[in-house]
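Following: one structure in structure tokens, then a few remarks.
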Protein chains: 2
Amino acid sequence: MTDMPGNRPAPRQGSGSVTIAHVAAAAGVSKQTVSNVMNSPAKVRTETRERVQRAVAELGFQPNRLARALRSSAAGMIACRIEPVSSHSLAHLHDRFLHALAEAGQASGRHLMLFAADDAESEAATCVQLVRTGSVEGVVLYNVVPDDPRPSILTEARVPFVCFGRAADAGWVDVDNARGVASVVDHLAESGHRSIGFLGFPEGHRVGDDRAEGWVTAMDRHGLLAGSHRLDVRGEDTWLSGARMARSLLGRPDAPTALVAASDTLAAGALQAFRDLGLSPGQDVAVVGYDDTPSAEVLDLSSVRQPLPEVGRRIVEALCSPDGTTTPVTSLLPPELIVRGSSRPQA
Amino acid sequence: MTDMPGNRPAPRQGSGSVTIAHVAAAAGVSKQTVSNVMNSPAKVRTETRERVQRAVAELGFQPNRLARALRSSAAGMIACRIEPVSSHSLAHLHDRFLHALAEAGQASGRHLMLFAADDAESEAATCVQLVRTGSVEGVVLYNVVPDDPRPSILTEARVPFVCFGRAADAGWVDVDNARGVASVVDHLAESGHRSIGFLGFPEGHRVGDDRAEGWVTAMDRHGLLAGSHRLDVRGEDTWLSGARMARSLLGRPDAPTALVAASDTLAAGALQAFRDLGLSPGQDVAVVGYDDTPSAEVLDLSSVRQPLPEVGRRIVEALCSPDGTTTPVTSLLPPELIVRGSSRPQA
DNA sequence: ACCCTCCGTTTTACCGATCCAATCCGATCG
DNA sequence: CGATCGGATTGGATCGGTAAAACGGAGGGT
């Protein structure tokens with residue numbers, strides 16, 4: 001209680017921060033007891049605990065994360081690359097995903113570190129380095145494609161990681177794209193639509209193909225597929241392309257009464273096509289987008305929302321669970337359909 | 001060279017990482033010499049240095065960031081809040097800004113930590129906590145508004161911080177919005193336009209007002225302001241609102257031949273209005289957007305680009321420079337006009 | 001030969017917390 | 001009444017580096 005361990009002047013002026021030793025001295029106990037109060041309060045007698053807690057509150061003590069991390073070799077951090085802007089369709093989700101990840105991490109006492117990288121290889125190299133230097137406990141991969149080089153590099157280097165998007169021989173969390181589109185078809189079919197078109201991405205990419213497959217499956221289930229294969233059109237994920245595709249579908253003799261778009265961008269283009277053709281969205285013809293971007297709300301556009309908060313939680317959980325010899329954790333989450341004016345059945 | 005300091009089994013199997021002690025043992029020198037090789041190579045004799053470097057390479061040693069940070073009490077990290085998605089016009093910039101920040105930080109050996117917060121107050125509280133726990137050296141504030149509560153809280157708590165956007169009594173980095181819009185007016189005036197309209201945000205917000213002021217100033221400088229005050233219209237930052245405002249301007253008897261928009265969103269709306277009116281962008285009427293979002297390129301829309309990489313560098317520099325009693329660093333950067341088809345003078 | 005400087009290296013201490021083993025204490029028990 | 005026992009508390013070592021001071025041998029000056 002008299003002086004500081006280490007003969008340092010008590011609460012240092014200015015810049016120095018309050019350490020566990022200051023608290024211990026103030027409460028008249030040892031450092032270890034303070035540590036116990038912070039980490040396993042049950043081990044400390046109530047009276048002592050309260051005395052320590054008072055000292056903690058008075059001095060405004062906050063344990064040094066670095067020291068704790070060093071000693072317990074648990075960095076309390078996960079890393080994720082922040083990609084440069086691209087016209088990739090998932091780019092719109094990137095910041096929402098990072099937000100979800102940050103929030104989920106905080107909920108379990110872990111922070112999110114961002115890093116930039118030029119390509120997949122340097123991203124993987126950075127991940128390895130971050131883990132080797134003890135900076136992070138694991139990393140999250142985003143936008144994983146079928147023959148992605150990253151999972152194998154990281155597995156080889158024994159870097160804990162989880163993918164957002166399916167990957168072989170690795171832990172992943174994904175949102176069921178096929179199911180999302182299928183739920184849109186269900187919704188439209190239940191609203192009485194019998195001819196439902198699909199505006200998709202060019203073939204060859206996982207996400208786009210999954211969404212297309214959802215349309216086929218659901219159409220078939222409703223017995224609407226026969227003769228509908230002409231209603232499946234594909235094109236770039238741009239507003240103009242969406243408008244063009246919608247116009248071409250609606251210009252046919254067997255024009256569909258509803259459209260499912262693989263993105264809000266395409267759906268926004270479709271809305272424009274409706275306007276050009278003098279059709280009223282939701283009344284004359286329905287359209288539903290995907291990803292529930294901010295513009296969907298502005299445009300009163302129905303859309304499929306990915307449960308990003310849950311995705312974040314699952315990823316953090318998978319990353320921090322007792323990894324090892326067991327099969328990597330995988331989970332496929334259902335998206336949620338948000339119905340707005342563009343597809344609401346008129347009363 | 002014989003056994004490990006601390007009597008630990010040499011390169012531990014599996015999970016354990018290579019430490020400075022392993023390298024020291026392998027090279028037959030002390031830990032400190034290894035440390036010197038890594039940090040101040042000049043202090044070490046060439047022969048010794050090479051021997052150590054060989055050992056470093058062989059063992060794949062990477063210094064533990066946590067240990068280094070703890071000892072030198074320099075976290076090597078900066079933090080920035082990641083905001084939830086909003087319809088705020090600057091939201092489009094958020095991920096690009098974070099990317100720039102991450103890149104700039106890496107260039108100076110600092111990593112970027114992201115955190116989520118519900119409001120400005122809890123954001124400030126988190127910042128204080130992050131610095132107090134030694135997790136980060138400083139924080140970056142984004143979207144700073146005139147009477148923002150955050151700067152004063154952080155100053156009070158002696159948390160080093162820099163704002164992206166002007167703030168009183170604090171370090172900040174900003175892009176000159178007025179100058180950006182003025183450069184657009186210059187460009188249009190040089191292309192022969194004499195009647196130039198402005199599509200802006202509702203009054204009362206720093207960014208929007210700055211951009212509007214740029215239009216006024218430049219128009220006046222070119223002697224085009226007289227009678228032009230009717231060409232300054234304001235509205236929400238949405239696509240629909242942009243289309244509406246453009247239509248209303250172009251429908252007048254004194255219709256402008258060029259439009260300056262305060263955002264790409266508004267400009268995209270204007271492009272739609274042109275289409276509706278049968279006008280050809282860049283030929284019949286010019287339009288220029290702001291922020292050079294990805295859609296600007298797709299739409300062949302001229303736009304003003306904020307020099308985010310430079311903003312990031314300046315922020316990191318300001319945050320890590322010898323802070324203290326001197327006046328906080330402030331810098332106002334010029335944006336760059338990207339001319340595309342929507343405003344290119346026809347040859 | 002002696003002292004002093006200089007340089008390269010090692011030694012010692014330390015950053016701030018946690019882990020482990022040892023100690024202390026009152027309470028129970030033979 | 002001394003030995004034992006279990007929970008509360010403490011001291012010391014440790015995590016992996018870095019700062020500062022101590023060390024030792026080569027070279028220079030007188």
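Being a predicted model, the structure only gives us computed values, none of them experimental. Numbered from 1 within each chain, the chains take letters A, B, ... in sequence-line order.
Position along DNA chain D of the nearest nucleotide to B/L66 versus A/T33 favours A/T33 as the more 5'-ward residue. Nearer to the 5' terminus of DNA chain C, by closest-nucleotide assignment, is the contact made by B/A42 (compared with the other of B/A42 and A/M38). If B/Q32 and B/A67 are placed on DNA chain D by their nearest nucleotide, the residue sitting closer to the 5' end is B/A67. Projected onto DNA chain C by closest heavy-atom contact, B/S30 and B/L70 fall at different nucleotides, the more 5' of which corresponds to B/S30.
Distance A/K31 NZ to D/dT14 P: 14 Å, rounded to the nearest Å. When the C1' atom of D/dA8 is taken as reference, atom CD of A/E50 falls 16 Å away, rounded to whole Å. Atom CG in B/L59 sits about 15 Å away from atom C1' in D/dG16, given to the nearest Å. Rounded to whole Å, atom C1' of D/dG7 lies 15 Å from atom CD of A/E47. We find that CZ of A/R132 is positioned 15 Å from P of D/dG16, with the value rounded to whole Å. Between the P atom of C/dA17 and the CG atom of A/N36 lies a distance of 14 Å, rounded to the nearest Å. When the C1' atom of D/dT18 is taken as reference, atom CZ of B/F61 falls 12 Å away, rounded to whole Å. To the nearest angstrom, C1' of D/dT9 lies 14 Å from CZ of A/R49.
A donor-acceptor contact under 3.5 Å is not formed by the side chain of B/K43 with the base of C/dG8. Residue A/R71 places a side-chain atom within donor-acceptor reach of the base of D/dT14, judged by atom type and a 3.5 Å distance cut-off alone.
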Pull out every protein N or O sitting under 3.5 Å from an N or O of nucleotides 24-26 of chain D, one pair per line with the distance.
none

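For the OP1/OP2 pair of C/dT18 and a distance below 4.0 Å, the side-chain nitrogens and oxygens of A/S35 include at least one atom meeting the criterion. Of the side-chain N and O atoms in A/T48, one or more sit less than 4.0 angstrom from OP1 or OP2 of D/dT9. A close approach under 4.0 Å does occur between a side-chain nitrogen or oxygen of A/R68 and OP1 or OP2 of C/dT18. Taking 4.0 angstrom as the limit, A/N39 places a side-chain polar atom (N or O) nearer than this to OP1 or OP2 of C/dT18. For A/N64 and C/dC15, the shortest distance from a side-chain N or O to OP1 or OP2 is not below 4.0 Å.
Aromatic rings of B/Y142 and B/H94 (six-membered ring for Trp) have centroids within the 6.0 Å cut-off, being under it.
A heavy-atom distance below 4.5 Å is not found between the side chains of B/Q106 and B/R110. At least one side-chain heavy atom of B/L130 sits under 4.5 Å from a side-chain heavy atom of B/M113.
B/T126 places a side-chain N or O within 3.5 Å of a backbone atom of B/S122 that can act as its donor or acceptor partner. Checking side-chain atoms of B/D148 against main-chain N and O of B/V144 turns up no donor-acceptor pair under 3.5 Å. At least one donor-acceptor pair closer than 3.5 Å links the side chain of B/H99 to the backbone N or O of A/I82. The backbone N or O of B/V44 sits less than 3.5 Å from a side-chain atom of B/R49, completing a donor-acceptor pair.
Nucleic acid contact class of B/V34 (heavy atoms, under 4.0 Å, all strands): none.
When the salt bridge (Lys or Arg N to Asp or Glu O under 4.0 Å) test is applied to B/R45, the partners found at least two apart in sequence or on another chain are B/E47.
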